[in-house]
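I have placed the structure first, in the form of structure tokens, so that the comments after it can refer back to it.
As the structure lists them, so they are numbered: ligands from 1, and atoms in each ligand from 1. Side chains included, hydrogens not; waters and symmetry mates left out as well; all remaining heavy atoms used.
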Amino acid sequence: MPLHPTIPAALLAACVLAGTTACSTPTPAPPKPPLFVRLGGMPGLTAVVDDFVSKVSVDPRSKRTFEGVNLTRLKASVVSHVCALSGGPCKYEGDPMALAHQGMAISKEELSVMGHYVDQALRRQGVAPEDREELESMLDKLGPEVLNK
Ligand code: HEM
């Protein structure tokens, strides 16, 4: 039994009289910040990229193409690429994906090993499941370019 059973009825009457649906329409959720912010901004993104590039470049299933590559430079370039893709304040100045991976003959397995480490890095960084999915689906769309297909 509500303490003041008349209040909801009075509220409803006020809504009807005011001729508005505002009383029954839930307030819309505020707009989400850009994915870049939800990834933790530059510190979060740098930690994620550092984590997954370090892993994918030593895993026996995927290290092949990283031999002799300057990982510090590569990580900085990947950060800038993902930052720009996710709505962050960066301008990616590296090569387009097809050109950057040209001649490497990257396999689907290598791509999926990277995907695994990206997911693991995002989880470790505490990125929310829906934000992980958003980034992962952005990266999935680049798959054909990376595979040069
Ligand atoms: C969606 C997936 C991928 C994205 C978004 C991506 C992104 C990038 C970016 C931004 C660069 C730097 C290009 C530049 O600075 O001009 C790069 C280079 C490179 N990527 Fe990827 N990459 C992906 C998948 C892969 C995979 C699966 C491998 C291998 C397993 C790989 C291996 C490399 C290597 C070895 C380089 C360095 C090339 C060099 O400096 O000579 N990438 N990638």
Looking only at protein heavy atoms, which one is nearest to [atom], and what is the separation?
atom                    : answer
atom 36 (C) of ligand 1 : Met104 CE, 3.7 Å
atom 32 (C) of ligand 1 : Phe66 CZ, 3.4 Å
atom 39 (C) of ligand 1 : Val69 CG2, 4.2 Å
atom 13 (C) of ligand 1 : Tyr92 OH, 3.4 Å
atom 1 (C) of ligand 1  : Leu139 O, 3.4 Å

Does any N or O in the side chain of [X] come within less than 3.5 Å of the main-chain N or O of [Y], such that one atom is a donor and the other an acceptor?
X      : Y      : result
Glu145 : Leu142 : no
Arg132 : Asp119 : no
Asp131 : Leu39  : no
Ser80  : Ala76  : no

- Query: Atom CZ of Phe52 and atom CD of Gln120: how far apart are they, to the nearest 0.5 Å?
  - Reply: 12.5 Å

- Are more than 12 heavy atoms from other residues, nucleotides or ligands located less than 6.0 Å from atom CD of Glu67? no

- Would you mind listing which atoms of ligand 1 come within a distance below 4.0 Å of any non-hydrogen atom of Asp95? 14 (C), 16 (O)

- Task: Output the list of atoms in ligand 1 that are nearer than 4.0 Å to some heavy atom of Leu111, sorted by atom number.
- Result: 27 (C)

- Task: Classify the side-chain pair Lys75/Thr46 by whether it contains a donor and acceptor separated by less than 3.5 Å.
- Result: no

Are any non-hydrogen side-chain atoms of [X] and [Y] less than 4.5 angstrom apart?
X      : Y      : result
Glu110 : Met104 : no
Ile106 : Met114 : no
Met42  : Val79  : yes

- Query: Given Thr65, Leu99, Asn70, which has its nearest heavy atom closest to atom 29 (C) of ligand 1?
  - Reply: Thr65

- Item | Close approach of Arg64 to ligand 1, heavy atoms, under 4.0 angstrom | no

- Message: Please check whether Ser77 reaches ligand 1 - meaning an N/O of the residue sits under 3.5 Å from an N/O of the ligand, judged on distance alone.
- Response: yes

- Excluding waters, which protein N, O or S atoms are within less than 2.8 Å of atom 21 (Fe) of ligand 1? His101 NE2

- Message: I'd like to know whether Val56 forms a side chain to side chain contact (heavy atoms under 4.5 Å, CB included) with Phe66, so could you lay out the CA-CA distance, the side-chain angles of the two residues, the decisive distance to 0.1 Å, and finally the verdict.
- Response: CA-CA 9 Å; Val56 76; Phe66 294 92; 3.7 Å; yes

